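Note that this is a predicted model, so its numbers are computed, not measured. Every chain is numbered from 1 and lettered A, B, ... according to where its sequence line falls, protein lines coming before strand lines.
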Amino acid sequence: MPENSIETKQKLTKSELNLSVVMKSQQQTEEKNLNLKNPLITASGTCGNGKELADFYDINQLGAFTTKGITVEAQPGNKTPRIAETSAGIINSIGLENPGVESFIEEILPETKNYTLPILANISGYSEQDFINMAEKLEGRAELAGVEVNLSCPNIKGGGMVFGTDPEKVFEITKKVREIYSGYIIVKLTPNITDITKTALAAEEAGADAVAMINTLSAMKIDIERQQPLLANTFGGLSGPAVRPVAVKMVYQTYKKLEIPILGLGGVQSGSDVIEFMLAGATAVGIGTVNMIDPAAGPRIIEEIKEYMLRHQIKNLSSIIGAAH
Amino acid sequence: MPENSIETKQKLTKSELNLSVVMKSQQQTEEKNLNLKNPLITASGTCGNGKELADFYDINQLGAFTTKGITVEAQPGNKTPRIAETSAGIINSIGLENPGVESFIEEILPETKNYTLPILANISGYSEQDFINMAEKLEGRAELAGVEVNLSCPNIKGGGMVFGTDPEKVFEITKKVREIYSGYIIVKLTPNITDITKTALAAEEAGADAVAMINTLSAMKIDIERQQPLLANTFGGLSGPAVRPVAVKMVYQTYKKLEIPILGLGGVQSGSDVIEFMLAGATAVGIGTVNMIDPAAGPRIIEEIKEYMLRHQIKNLSSIIGAAH
Amino acid sequence: MFKIIANREVGPGIFQLVLNYDQLPQNPKPGQFFNIKVSQPGSDDPLLRRPFSIFDFDAAEKKVEFIYRVVGKGTKILSELEAETELDVLGPLGTPFSLNENKGNVHLIGGGMGIAPLYYLSKKLKSRNQKVYLGAANQAELEFFAEKFKGLGVELHLAAMEEKLEIKGSALVLWLNYLEKNIPDYVYTCGPEKMLAAVEKEALKNNIGGQLSVEKRMGCGIGVCLSCSCETKAEDESNKRACVEGPVFGLGEVVLSA
Amino acid sequence: MFKIIANREVGPGIFQLVLNYDQLPQNPKPGQFFNIKVSQPGSDDPLLRRPFSIFDFDAAEKKVEFIYRVVGKGTKILSELEAETELDVLGPLGTPFSLNENKGNVHLIGGGMGIAPLYYLSKKLKSRNQKVYLGAANQAELEFFAEKFKGLGVELHLAAMEEKLEIKGSALVLWLNYLEKNIPDYVYTCGPEKMLAAVEKEALKNNIGGQLSVEKRMGCGIGVCLSCSCETKAEDESNKRACVEGPVFGLGEVVLSA
Ligand SMILES: Cc1cc2nc3c(=O)[nH]c(=O)nc-3n(C[C@H](O)[C@H](O)[C@H](O)COP(=O)(O)OP(=O)(O)OC[C@H]3O[C@@H](n4cnc5c(N)ncnc54)[C@H](O)[C@@H]3O)c2cc1C
Ligand SMILES: Cc1cc2nc3c(=O)[nH]c(=O)nc-3n(C[C@H](O)[C@H](O)[C@H](O)COP(=O)(O)OP(=O)(O)OC[C@H]3O[C@@H](n4cnc5c(N)ncnc54)[C@H](O)[C@@H]3O)c2cc1C
Ligand SMILES: Cc1cc2nc3c(=O)[nH]c(=O)nc-3n(C[C@H](O)[C@H](O)[C@H](O)COP(=O)(O)O)c2cc1C
Ligand SMILES: Cc1cc2nc3c(=O)[nH]c(=O)nc-3n(C[C@H](O)[C@H](O)[C@H](O)COP(=O)(O)O)c2cc1C
Ligand code: FES
Ligand code: FES
């Protein structure tokens with residue numbers, strides 16, 4: 001009986017578990033890989049720049065940290081209300097409030113010097129040139145392990161279409177950034193698209209080391225008492241558990257088509273959700289909205305992952321990547 | 001003070017409220033319009049063929065009834081499990097289980113003869129010809145007020161791409177059905193697309209009387225204990241409150257671009273949600289998943305709409321269509 | 001309106017839920033189920049109701065009982081609800097066991113939580129010439145059920161997978177052990193689908209009639225969504241819904257995954 | 001761990017929530033808030049916490065109190081939770097009122113639920129030379145607050161919009177009526193943003209210092225999401241977060257929508 005044979009086998013203990021994952025680089029050279037002690041990466045915009053979480057736990061316990069999105073110039077962000085709650089989700093329209101890339105380099109980066117985990121800078125632009133400018137400014141910054149290129153912004157000069165909805169634009173921007181920036185490049189894709197595998201492939205072809213999916217789903221809420229959109233900005237992006245089934249599907253669907261690793265995210269609340277994304281094919285998993293609700297989510301989720309590994313007697317977490325295929 | 005002036009004004013009572021809406025036809029002739037005593041239309045596939053709800057209330061209280069999707073040939077549907085629960089949502093992959101259009105005409109349509117509300121037949125096809133066949137069979141059927149053309153199926157002969165993701169296909173199929181079918185035609189659009197206004201406009205140009213949005217979002221769930229997709233069919237469609245913010249946004253975004261009316265749906269649970277869709281621009285509102293949880297949702301929602309109308313002293317519900325713009 | 005009067009652990013992770021009701025559309029019959037909403041009124045998560053078979057019913061006291069195992073989100077939440085909490089409950093739903101009063105020697109075979117509907121069935125069967133075969137992971141999971149069935153005065157046989165009771169093994173193996181010397185007129189069974197398939201196969205081989213109750217993932221529980229479709233064995237028959245034509249089916253009626 | 005010890009209606013749709021706690025990272029100060037999760041453990045809806053200002057606090061009894069109005073989904077659910085329920089609560093959060101001990105004559109102006117934080121503030125202010133101006137829709141909404149403030153022995157003035165108390169009108173109008181003959185050294189105010197803007201304008205005109213507490217829709221309450229950004233009036237200053245640098249700001253510090 002299988003039950004018996006499992007019982008008599010030597011059982012793994014917590015200390016033997018290996019949660020580390022490697023996000024390989026396209027160059028396939030070891031020193032360019034992103035080595036994470038566990039798959040958890042903070043999602044941009046949901047963890048400030050890290051110090052706010054220090055009251056709750058040491059963020060060095062995580063796999064990597066992604067900063068709040070930065071732009072070339074300082075941005076005041078959108079008018080408030082910037083957030084609306086929906087069923088099992090939130091819609092945000094923060095509007096990339098940030099001090100601009102120069103202040104980021106001068107003020108925020110130095111604050112990360114005590115972090116021992118890899119830091120990723122999330123960069124957003126309204127034109128191709130914006131991305132080029134930021135890549136130039138960030139190139140060679142030793143504090144950073146890499147950049148996450150957020151393609152969910154409208155292309156202001158190109159008629160307002162979101163860069164990430166056009167595989168050609170994804171290719172062009174990725175290629176430009178790749179030519180300039182030598183660190184790890186993650187291209188973050190938008191789910192507001194007919195076929196996300198096309199933009200994922202475009203990013204891969206253009207030299208991205210990894211893709212991140214998903215950014216938020218375009219959404220809105222109406223204040224029915226005032227009979228107008230609740231968010232000052234009318235539209236916003238939906239995140240949280242509501243979107244997880246869409247995100248998992250996109251990761252699953254992309255996994256077999258891509259050589260480069262996937263950072264999966266969207267709605268992760270627990271260790272089980274991280275496992276779900278990894279089974280779908282994610283090498284690393286982002287935690288976003290959950291930090292807003294449970295600031296100590298990081299270490300809790302790590303514990304939950306360990307419990308799953310013990311229950312299934314999985315020694316190396318990386319062994320389950322893509323295992324649901 | 002405004003408070004006083006409201007108090008002294010004659011207050012509306014429940015019996016004075018007018019919930020009726022008119023879904024105009026493209027021909028703009030009155031006899032071709034779809035007149036609904038209230039905006040509630042059952043969403044295809046979530047209310048069987050009506051008789052199951054009879055234990056709970058008289059469905060003639062609703063605006064209109066949409067039948068379970070039918071196809072040319074009988075379909076056994078997908079293997080089970082066909083349903084997975086997610087946060088505030090469900091993923092279904094029923095797979096269009098139905099007895100085929102001929103049995104539909106012979107067995108199901110006669111059962112609707114006691115209904116006094118308009119009946120819409122939801123038709124799905126795997127090729128253009130399928131839609132043509134069904135339009136021919138259903139043309140002239142007096143039991144039907146119209147058809148709802150479900151474009152969320154894969155185009156089997158055209159490489160498996162979903163019809164509704166391609167504006168040209170939407171145009172072609174709508175046009176073909178329009179040429180054959182003289183009743184009211186609603187074209188039901190998929191949200192799994194970069195820009196739903198393009199398919200909505202294509203449907204309008206091709207002669208649709210109205211568009212319905214949204215069908216389900218492509219999604220999946222993984223059973224992490226068995227490490228495989230939970231649904232036998234791997235992928236399914238997400239519905240329920242989780243998707244409402246996406247649906248409302250699509251209705252809002254389409255409203256100003258379109259002349260024809262919109263049937264808005266996705267995640268409606270309450271009267272407030274119906275109001276939200278109408279403020280966004282929907283003339284009628286579909287109720288789907290909610291019927292599976294609360295079989296008596298129809299009359300409850302109608303009551304909730306009336307309470308809102310009383311609170312806001314709205315005499316004609318149709319006056320709020322698009323009012324959040 | 002339904003109100004919790006008791007919700008207590010009666011085995012490891014196994015709870016007894018006792019509800020009081022105002023009124024019911026009809027008195028529930030063995031094999032039927034109720035569909036219970038476990039979320040807070042106003043909350044959209046968990047969204048779906050949870051189906052549970054009737055374990056016991058008392059019309060005089062307006063009481064209906066369930067036995068459930070905590071397996072996921074919904075049952076976890078349910079297990080934390082306190083007495084006095086009001087619940088939104090639909091039922092009774094589904095097609096019950098038919099009691100086949102004319103059958104003399106009846107076997108009931110239940111595995112795991114599949115035991116739950118058999119208790120009310122056993123109580124309602126006229127014939128006391130019943131032999132009941134129950135199996136679960138261990139003694140602790142069976143204890144509560146065993147006590148209850150003992151109270152009915154039926155012949156009771158118990159098996160557990162993890163420790164030796166009558167045997168160490170499943171309800172199925174237990175029943176098969178007895179079957180040779182003891183062929184029943186009729187069987188009723190509920191439990192894991194594999195077990196149902198094996199019981200069905202054995203019964204049909206021995207020309208024993210009977211019924212089984214299946215557990216299918218349900219959307220609505222009222223027949224509108226076709227989530228619970230069961231393929232039928234007869235070629236000319238279309239699918240049957242576990243929530244309306246089932247959950248009780250005749251042996252050989254629907255396709256089971258063995 | 002926090003546990004409900006009382007959750008009772010003290011006015012029309014207005015509830016008093018009393019929680020017991022094991023331990024707090026620090027004793028809360030007036031003007032700070034707690035962020036309360038109202039969903040069942042394991043449920044994802046409602047997803048966000050709900051922020052409530054501290055109405056009262058008792059370190060000896062390990063008790064913290066809130067007064068809240070039922071306005072939507074979250075407060076509705078909260079209002080239905082029973083004593084003994086355990087709650088997931090974060091706090092105290094945010095920047096408190098500074099007590100400015102050297103100010104002699106102090107006015108507190110509160111509108112609607114904005115009255116809640118002023119009670120604990122009033123209690124903590126050293127100076128008893130306080131004049132308190134409270135306004136709400138009607139007497140019933142004010143009653144509970146009035147009793148509590150009376151217990152503090154401060155000078156109390158009440159106004160309601162729907163019926164005449166001292167006046168028929170808002171807390172603002174009430175305060176303005178008194179202001180001419182009675183210029184304070186310092187004001188504290190909380191309530192609708194329009195009221196805050198008017199108090200601020202009047203105070204600045206009269207060279208009165210003071211502080212106000214704003215209500216902004218919050219995502220996290222801990223400073224990570226920038227949902228609650230407030231534009232500042234100083235040109236060279238960047239936005240301030242209502243949940244970290246606020247909810248209490250100095251008069252003239254942030255832009256209010258009048
Ligand atoms: C007709 C019928 C009668 C049942 N009677 C009993 C009973 O008396 N006692 C008992 O302990 N269990 C019974 N079950 C199983 C019980 O419904 C599930 O264990 C329960 O729904 C699990 O909910 P969850 O939220 O804890 O699990 P989750 O896995 O979180 O649930 C997710 C979804 O899957 C569904 N689901 C999960 N497991 C099952 C399952 N085994 N069968 C059907 N749906 C499932 C849930 O209903 C929900 O929709 C019955 C099932 C059916 C169909
Ligand atoms: C710092 C602070 C202190 C507060 N103190 C109190 C208090 O002591 N007593 C009291 O009755 N209310 C107080 N409020 C307002 C209270 O938080 C809201 O009334 C409550 O969150 C509404 O929740 P809901 O789910 O019932 O409403 P919904 O409208 O269903 O909530 C939807 C979302 O909007 C947010 N929201 C809705 N209304 C408000 C609002 N007025 N302010 C901020 N967020 C809102 C909710 O938190 C939630 O995220 C305070 C708000 C803040 C920011
Ligand atoms: C408040 C908020 C701010 C965000 N800001 C950014 C941002 O600056 N750059 C970016 O690429 N994504 C941003 N996102 C998207 C998240 O990083 C993430 O992709 C998304 O929220 C889905 O994950 P989640 O469901 O775990 O939150 C933001 C999300 C939220 C909720
Ligand atoms: C169980 C189920 C079956 C469905 N079957 C159909 C169908 O046959 N044809 C169709 O056009 N849409 C079908 N839909 C989609 C719904 O009609 C509706 O567009 C969608 O569920 C969103 O609305 P809701 O969130 O109110 O359910 C189905 C949805 C569900 C949940
Ligand atoms: S569960 Fe919906 S038809 Fe059976
Ligand atoms: S609410 Fe998130 S920063 Fe203030």
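- Closest non-hydrogen pair, Ile293(B) versus Arg49(C), comes out as O-NE, 2.5 Å.
- Nearest heavy-atom pair, Val224(C) versus Thr46(B), reported as atom, atom and distance to 0.1 Å: CG2-O, 3.2 Å.
- Annotation for Gly219(C) and Ile83(B): closest pair CA-CD1, 3.5 Å, computed over non-hydrogen atoms.
- With respect to chain B, the highest number of heavy-atom pairs below 4.5 Å among Cys220(C), Gly74(C), Ser43(C), Pro46(C) belongs to Cys220(C).
- In this structure, Asn239(C) contributes its side chain and Pro76(B) its backbone to a donor-acceptor pair below 3.5 Å.
- The pair Arg241(C)-Glu52(B) meets the salt-bridge criterion, since a charged nitrogen lies less than 4.0 angstrom from a carboxylate oxygen.
- Between the OG1 atom of Thr86(B) and the NZ atom of Lys73(C) there is a distance of 8.0 Å, given to the nearest 0.5 Å.
- Using modelled atom types and a 3.5 Å distance limit, the side chains of Ser229(C) and Arg82(B) yield a donor-acceptor pair.
- With values rounded to the nearest 0.5 angstrom, Asp88(C) atom CG is found 7.0 Å from Asp294(B) atom CG.
- Using a cut-off of 4.0 Å between Lys/Arg side-chain N and Asp/Glu carboxylate O, Lys79(B) and Glu231(C) are scored as salt-bridged.
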Exercise. Can Arg217(C) and Leu231(B) be said to form a side-chain contact (heavy atoms from CB on, under 4.5 Å), step by step?
Worked result: CA-CA 10 Å; Arg217(C) 281 189 185 250; Leu231(B) 295 173; over 6 Å; no

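- In this structure, Lys194(C) places its NZ atom where only 12 or fewer heavy-atom neighbours from other residues, nucleotides or ligands lie under 6.0 Å away.
- Residue Glu111(B) places its CD atom among more than 12 non-hydrogen atoms of other residues, nucleotides or ligands, all under 6.0 Å distant.
- Using a 4.5 Å cut-off between heavy atoms, Asn291(B) touches chain C through its backbone atoms (N, CA, C, O) alone.
- The shortest distance between side-chain heavy atoms of Leu47(C) and Pro241(B) falls below 4.5 Å.
- Within the 4.5 Å cutoff, side-chain heavy atoms of Ile222(C) are placed close to those of Leu53(B).
- Under a cut-off of 6.0 angstrom, the local environment of CD in Glu73(B) is sparse, with at most 12 non-hydrogen atoms contributed by other residues, nucleotides or ligands.
- The local environment of CD in Glu82(C) is sparse, with at most 12 non-hydrogen atoms from other residues, nucleotides or ligands closer than 6.0 Å.
- Applying the 6.0 Å contact sphere to NZ of Lys240(C) captures more than 12 heavy atoms from other residues, nucleotides or ligands.
- To the nearest 0.5 Å, the span separating OG on Ser227(C) from CD on Glu97(B) amounts to 10.0 Å.
- Glu85(B) contributes a side-chain N or O that, together with a main-chain N or O of Leu48(C), makes up a donor-acceptor pair within less than 3.5 Å.
- For a residue to count as touching a neighbouring chain, one of its non-hydrogen atoms must lie under 4.5 Å from one of that chain's; by this rule Leu96(B) does not touch chain C.
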